[in-house]
2 protein chains.
Amino acid sequence: MQKKRAITIKDVAAEAGVSLQTVSRVINKGPNVTQGVQERVKAAIDKLGYVPSLAARRLGGSRSYLVLAFNDERPTLEGWQSRRGNDWVDQMLYGGMLKCAEHGYRMLFELVDSHSDQLEAQVQAALSALHPDGVILTPPHSDDTRITDLLHRNGLIFARLGSHREGEGFAVYMDDEAAARRATEHLLDLGHTRIAYVQGHPEYAMSPDRLRGFTSAIEARGLEVEPAYLQPGDFTYEAGVDALNVLARLDVPPTAVLASSDEMALGVLHAAGPLGLSVPGDLSVVSFDDTPTVRMSVPALTAIRQPIAAMTARAAELLIQGKARGEVANDHHLLPFDFVVRESTAPPRAGGARR
Amino acid sequence: MQKKRAITIKDVAAEAGVSLQTVSRVINKGPNVTQGVQERVKAAIDKLGYVPSLAARRLGGSRSYLVLAFNDERPTLEGWQSRRGNDWVDQMLYGGMLKCAEHGYRMLFELVDSHSDQLEAQVQAALSALHPDGVILTPPHSDDTRITDLLHRNGLIFARLGSHREGEGFAVYMDDEAAARRATEHLLDLGHTRIAYVQGHPEYAMSPDRLRGFTSAIEARGLEVEPAYLQPGDFTYEAGVDALNVLARLDVPPTAVLASSDEMALGVLHAAGPLGLSVPGDLSVVSFDDTPTVRMSVPALTAIRQPIAAMTARAAELLIQGKARGEVANDHHLLPFDFVVRESTAPPRAGGARR
DNA sequence: CTGTTAGCGCCTTCAA
DNA sequence: TTGAAGGCGCTAACAG
């Protein structure tokens, strides 16, 4: 089984009767190639089925045709291991792979542990090995200056998903404040006045934004935010369970809960039954994320849907274009979110929730 | 923002006071390096934070440190687009990425359309661009000779997930026949005698295996397979809906259904309500795959769980080891499946299902 | 407009 | 046990 020699640019050059460089120019859509020569070269490429080697292009030239995405290791592995899946990764692949493929790029994933003291070493190792043309950061890395500084020092362009903070890199995000406001308004419009909020992990930059959206929606109706209705959370199922257990035992329990993640919303949902609360009869529930499971839950959850695929596609595009043009415009890109009303929200029962 | 020059093997050599070649030997665990020199070099590597460039290694040497996985384009995109997620990809990432990382490898995904007449060109293009050290094939590609022949011609080693057919490449699979038998026996043990089977897509090699397992389990109890209980399917939700609509209208409808995919099982489940059938009261349902959603469905589904992560990890290991040792042992690797009993199965109601 | 000349960073082969 | 020379396939910078 002798490996048949791969065909290289040299073969194409010979076939077309031109120099290597001319072939290279055609491949890279370089200027200064006659129509005729160009077609001759293209014919040779097609005939031989030539595809340039990524490794060689990277070594010789200044581009690697690689986009590298860093995701947080722990939650990602946890999602896979528990077989709950991983909507972020799925949607990033969907948006990113396709966009990269359009431009002859590949997207690679790398997991790094945001809590490790080796974080920077991990990131640098991946950069050194791969030399990507651009990097996509996800929360909570998007706002981690250890990483952004490192990328900047390496002269890399990068996109920060889910972050709208100032700083290096493209910020590609949705309006978390507006999303939380929208969800809260939906509950207010249904007639709820006692609305609780189970917050996201404080490490994540969007958490205060969402809280602001929640608060502003309530205050805009002349109501006040009940401090006891603000429950801490860390995005996990258990946090949702715990939160509802606290909330339901208040003297005046809420009639609706907004949770900052699907997991927490499901925790709330599943904690409701044992507490004698029906959803949405006694309690309306709204979640953030709209991962696959919330459509299968009973009742299906009303949810904010993040545009993860679109953000990733935009990020990939910005990086590829930016690399090609050598520009460093660190602008902001705000993408619209969706709000999907399902069965978990309804008007409050007259007289409020029963304990 | 001048890109700081990357540190190369040259810097390490200078730092350690040895030649390039010696550093290369240390990196690659080559023979003939004194203990002392080795430690000196390692110290230099750590000090400088040196990580070899994948592209350069691939170009100079014979390895690319890349494993390439081909998935079928249409179902994969469909899963992402519908936001149902994609358990196969998730579990492949889980098993494959981690195993690859252990060995300094990366895993890349490529989508190719099994129904395209460009299939071979798509595959060849990816191979030419990436020059992977090994390839992982998933159903239905695992049994597609257009692809396996192409890989063989390219002198590549590869693993075929979910295939136990003879031929080139490592076959890494679970025993689909035994799994179907196990699921069927579970229903028989509960007392069911009228069991239907919604089959998988005939293009997939495991489909006849599963049918055999189903049939043999029934016949082993001295029962006969009712031809009308064998419904065609293609793994989709709609196929499950259609199948139950046919089955429920038979003169003697089944009391249990085994479906060859989660999607189809969910289709069956959701078609049951409108037909006045309760699950598991009137109808027991067992599914194949155990993707995340079937645990959130109501009732949660009893299911066969494929060891996708384990298969991918095994495949990656075989490829990496095989590449290192230059061997071409095309053996078989049978991995165990799980069977998870949940709420969708129960003894048949006395007197059988009501129409 | 096209061709020539150097490398990119590493591994392979050979010599010492 | 170590080092030096060559080249992998491509692109950048320069000639022509």
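Here is how names work: the chains are called A, B, and so on, in the same order as the sequence lines, proteins then strands, and each is numbered from 1.
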Inset, instruction - Under the salt bridge (Lys or Arg N to Asp or Glu O under 4.0 Å) rule, what do D133(A) and R63(A) come out as? Steps first, then yes or no, please. - result: CA-CA 6 Å; D133(A) 285 348; R63(A) 287 199 286 175; 5.1 Å; no
Legend entry - OP1 or OP2 of dT1(D) under 4.0 Å from side-chain N/O of T22(B): no
Inset, instruction - Could you tell me the separation between the NZ atom of K10(A) and the C1' atom of dC8(D), rounded to a whole number of Å? - result: 9 Å
Inset, instruction - Could you tell me whether H164(A) and Y173(A) have their ring centroids closer than 6.0 angstrom? - result: yes
Inset, instruction - Determine the contact category for G61(B): base if any of its heavy atoms lies under 4.0 Å from a base atom, sugar-phosphate if only primed atoms, P, OP1 or OP2 are that close, otherwise nothing. - result: sugar-phosphate
Inset, instruction - Go through dC10(C), dC10(D), dG9(C) for me and flag the one nearest to the Y50(B) side chain. - result: dC10(C)
Legend entry - 5' priority, DNA chain D, between R57(A) and V33(B) [closest heavy atom]: V33(B)
Legend entry - Side-chain N,O (T34(B)) to OP1/OP2 (dT2(D)) below 4.0 Å: yes
Inset, instruction - Measure the distance from CD1 on I7(A) to C1' on dC10(D) and round it to the nearest whole Å. - result: 15 Å
Legend entry - Shortest non-hydrogen contact between V135(A) and L137(A), atoms and distance: CG1-CD1, 3.5 Å
Inset, instruction - For dC8(D), take OP1 and OP2 only and decide whether either is under 4.0 Å from a side-chain N or O of T8(A). - result: no
Legend entry - Distance in angstrom units between H131(B) NE2 and dC11(C) P, rounded: 17 Å
Legend entry - Between C1' of dA15(C) and CD of Q21(B), the distance in whole Å: 13 Å
Legend entry - S24(A) side chain, from C-beta outward: closest of dG9(D), dT11(D), dC10(D): dT11(D)
Inset, instruction - Map I9(A) and V37(B) onto DNA chain D by nearest heavy atom, then report which one ends up closer to the 5' terminus. - result: V37(B)
Inset, instruction - Give one of base, sugar-phosphate or nothing for R63(A), where a contact means two heavy atoms less than 4.0 Å apart. - result: nothing
Legend entry - Side-chain N,O (S19(B)) to OP1/OP2 (dT2(D)) below 4.0 Å: no
Legend entry - Gap between atoms CG and P, on L54(A) and dC10(D) respectively (whole Å): 10 Å
Legend entry - Gap between atoms CG and P, on L20(B) and dC8(C) respectively (whole Å): 11 Å
Legend entry - Protein-nucleotide distance (L130(A), atom CG; dC8(C), atom P), rounded to Å: 21 Å
Legend entry - K42(B)/E39(B) ion pair, N-O < 4.0 Å: no
Inset, instruction - Name the nucleic acid region contacted by Y65(A), choosing base, sugar-phosphate or nothing; use a 4.0 angstrom heavy-atom cut-off, strictly under. - result: nothing
Inset, instruction - Look at all strands and tell whether R25(B) reaches a base, only sugar-phosphate, or nothing, counting heavy atoms closer than 4.0 Å. - result: base
Inset, instruction - Check the surroundings of atom CD in Q118(A): do more than 12 heavy atoms from other residues, nucleotides or ligands lie under 6.0 Å from it? - result: no
Inset, instruction - Rounded off to whole Å, could you give me the CZ-to-P distance for the R40(A) and dG3(C) pair? - result: 8 Å
